[in-house]
There are 2 protein chains.
Amino acid sequence: MLEHIILGFLMTKDRSGYDLKWLMENSTSYFINASFGSVYPALKRLAQKNLVTLHEAVEGGKYKKMYRITDSGKAAFLQWAEEPIVFERSKQDHLAKIFFYEFIPKETAIGNLKDLAHQVESVAKELTGQKSEKEREVDIYKYYYRYAAMCYGVEYYDFVLRWCGTLIDRLENDPETARSERQR
Amino acid sequence: MLEHIILGFLMTKDRSGYDLKWLMENSTSYFINASFGSVYPALKRLAQKNLVTLHEAVEGGKYKKMYRITDSGKAAFLQWAEEPIVFERSKQDHLAKIFFYEFIPKETAIGNLKDLAHQVESVAKELTGQKSEKEREVDIYKYYYRYAAMCYGVEYYDFVLRWCGTLIDRLENDPETARSERQR
DNA sequence: TAGGTCATGTAAAGAGTTACATGATTTT
DNA sequence: AAAATCATGTAACTCTTTACATGACCTA
């Protein structure tokens with residue numbers, strides 16, 4: 001997966017491992033991200049498979065290892081991209097604890113849910129910022145898929161936020177909801 | 001994570017590894033799932049840490065290894081459950097390919113998106129079935145958190161489906177969207 | 001000149017999946 | 001009798017993160 005993402009970013013221009021990490025952090029982190037510890041080895045593997053080539057360069061007075069996609073790299077990328085999408089039921093770790101909230105005090109539950117909502121709000125704000133930036137700086141028609149993906153992110157966070165809000169509201173205002181019998 | 005989910009399921013009654021796998025498949029798979037290859041070793045680790053105990057039993061003529069949560073297991077579970085939720089930007093693998101769809105033919109993109117929509121529809125239907133079942137069989141007020149989590153799942157799939165639909169619609173009807181210049 | 005950011009990398013550990021292996025019981 | 005399902009488990013592999021290590025350059 002990561003190797004394909006990297007190839008995708010290399011389709012338009014050469015980039016270093018550092019650039020790639022930065023790009024992911026600032027454009028795909030809401031659906032996929034990676035640490036340096038996986039980016040650098042991935043580049044090494046891609047070079048071994050001849051899907052990218054290494055070009056040492058000095059850019060802005062700084063030494064950089066720039067990677068360029070090869071023809072077989074492009075072919076490999078396109079093959080991956082054109083393949084049918086496999087929809088994986090995605091992990092939503094935050095639901096795991098909530099699923100078992102019947103066992104914890106209602107007040108703790110409400111507090112934790114409010115805290116979760118704040119976290120979601122903060123990542124939503126970050127992504128909304130990135131989105132406005134793109135809307136100003138790039139032709140969203142030209143990069144419509146990326147723009148649509150970004151909208152997905154913003155709307156998804158919005159959905160999570162609304163869901164939290166509804167749940168908190170019911171817990172606070174409907175005495176029938178999550179009665180405390182099961183609790184300690 | 002998995003160990004805590006297992007402890008959560010053991011809070012109300014003893015279960016075997018097979019039971020736990022089945023339970024996850026049929027109640028949490030839309031946000032977390034696990035294979036036998038991780039469930040059985042997880043139970044072994046929990047037993048080693050004295051958070052569960054093993055009770056061999058025959059149930060319905062079948063030999064089963066039933067696990068029971070211990071007092072320290074309950075304590076460990078509650079500590080985990082009551083801790084603040086950390087919102088992790090969740091992986092949404094399907095967006096990875098779409099993000100780079102500028103490089104593939106529009107027709108392939110539309111076809112793949114329609115195929116994705118069908119897959120989402122099918123998992124949505126499955127979950128909606130599970131939801132109706134719970135609504136009939138259990139007191140959703142008593143298990144309100146679980147019910148709310150299920151609603152999250154249903155609404156999330158609904159959101160993905162609407163997003164796909166909107167994107168497909170724009171690709172098919174708006175000639176300005178995703179012009180084919182960048183393509184081969 | 002000290003701290004921050006830029007830049008690259010490795011090693012160990014963690015968490016999981018897939019594939020394989022086994023055998024009992026139940027259904028067709 | 002064969003096939004399906006129930007039931008448990010291991011081994012190899014994959015993919016990833018965290019923590020560490022290094023050093024250049026830039027700015028206050």
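Protein chains get the first letters and strands the later ones, always in sequence-line order, with residue 1 at the start of each.
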Could you tell me the separation between the [atom1] atom of [X] and the [atom2] atom of [N], rounded to a whole number of Å?
{"X": "Y67(B)", "N": "dA7(D)", "atom1": "OH", "atom2": "P", "answer": "14 Å"}
{"X": "E56(B)", "N": "dA24(C)", "atom1": "CD", "atom2": "C1'", "answer": "15 Å"}
{"X": "R89(B)", "N": "dT17(D)", "atom1": "CZ", "atom2": "P", "answer": "11 Å"}
{"X": "H55(A)", "N": "dA7(C)", "atom1": "NE2", "atom2": "P", "answer": "18 Å"}
{"X": "K64(A)", "N": "dC6(C)", "atom1": "NZ", "atom2": "C1'", "answer": "8 Å"}
{"X": "E3(B)", "N": "dG14(C)", "atom1": "CD", "atom2": "P", "answer": "11 Å"}
{"X": "L43(B)", "N": "dT8(D)", "atom1": "CG", "atom2": "P", "answer": "9 Å"}
{"X": "E88(A)", "N": "dG16(C)", "atom1": "CD", "atom2": "C1'", "answer": "13 Å"}

| query | Does K97(B) pair with E83(A) as a salt bridge, N-O distance under 4.0 Å? | reply |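 Salt bridge present between K97(B) and E83(A).
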List in chain and number order the residues that pass side-chain hydrogen bond (donor to acceptor under 3.5 Å, both in side chains) with Y147(B), two or more places apart in sequence or in another chain; answer none if no residue qualifies.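 Per chain and number, Y147(B) pairs via side-chain hydrogen bond (donor to acceptor under 3.5 Å, both in side chains) with E135(B).
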Quick one: on DNA chain D, does K91(B) or K65(B) contact a more 5' nucleotide (nearest heavy atom)?
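By nearest-heavy-atom nucleotide position, the 5'-most residue is K65(B).
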**Item:** Modelled atom types, side-chain donor and acceptor of E126(B) and Y30(B), under 3.5 Å
**Value:**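 Y30(B) and E126(B) do not have a side-chain donor-acceptor pair below 3.5 Å.
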message: In terms of relative ring orientation, are W80(B) and H4(B) parallel, tilted or perpendicular, with 30° and 60° separating the classes?
response: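 Taking H4(B) first and then W80(B), their aromatic rings lie parallel (interplane angle under 30°).
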Item to complete: Report the relative orientation of the aromatic rings in F159(B) and F159(A); use parallel for angles under 30°, tilted for 30 to 60°, perpendicular for over 60°.
Response: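 Judged by the thresholds at 30° and 60°, the geometry between F159(B) and F159(A) is parallel.
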>> Assuming nearest nucleotide by heavy-atom distance, tell me which of Y63(B) and S16(A) is located more 5' along DNA chain C.
In response: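 Per heavy-atom nearest nucleotide, the more 5' residue is S16(A).
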- Y18(B) side chain: which of dT17(C), dC6(C), dC6(D) is closest?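 For the Y18(B) side chain, the nearest candidate turns out to be dC6(D).
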TODO: Determine whether more than 12 heavy atoms belonging to other residues, nucleotides or ligands lie under 6.0 Å from atom CG of D139(A).
DONE: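 More than 12 within 6.0 Å, yes.
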| query | Within the structure shown, what part of the strands sits under 4.0 Å from D19(A) by heavy-atom distance: base, sugar-phosphate, or nothing? | reply |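 Result for D19(A) = nothing.
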- Honestly curious: do L78(B) and M1(B) fall in one hydrophobic cluster under the side-chain, below-4.5 Å linking rule?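 Yes: a chain of side-chain contacts under 4.5 Å links L78(B) to M1(B).
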Discussion item. OP1 or OP2 of dT8(D) versus the side-chain N and O atoms of K21(B): is any pair under 4.0 Å?
Written reply: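 No, no such contact exists.
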Per-nucleotide protein contact along nucleotides 18-28 of chain D, 5' to 3', at a 4.0 Å heavy-atom cut-off (B base, S sugar-phosphate only, - neither), is B------S---
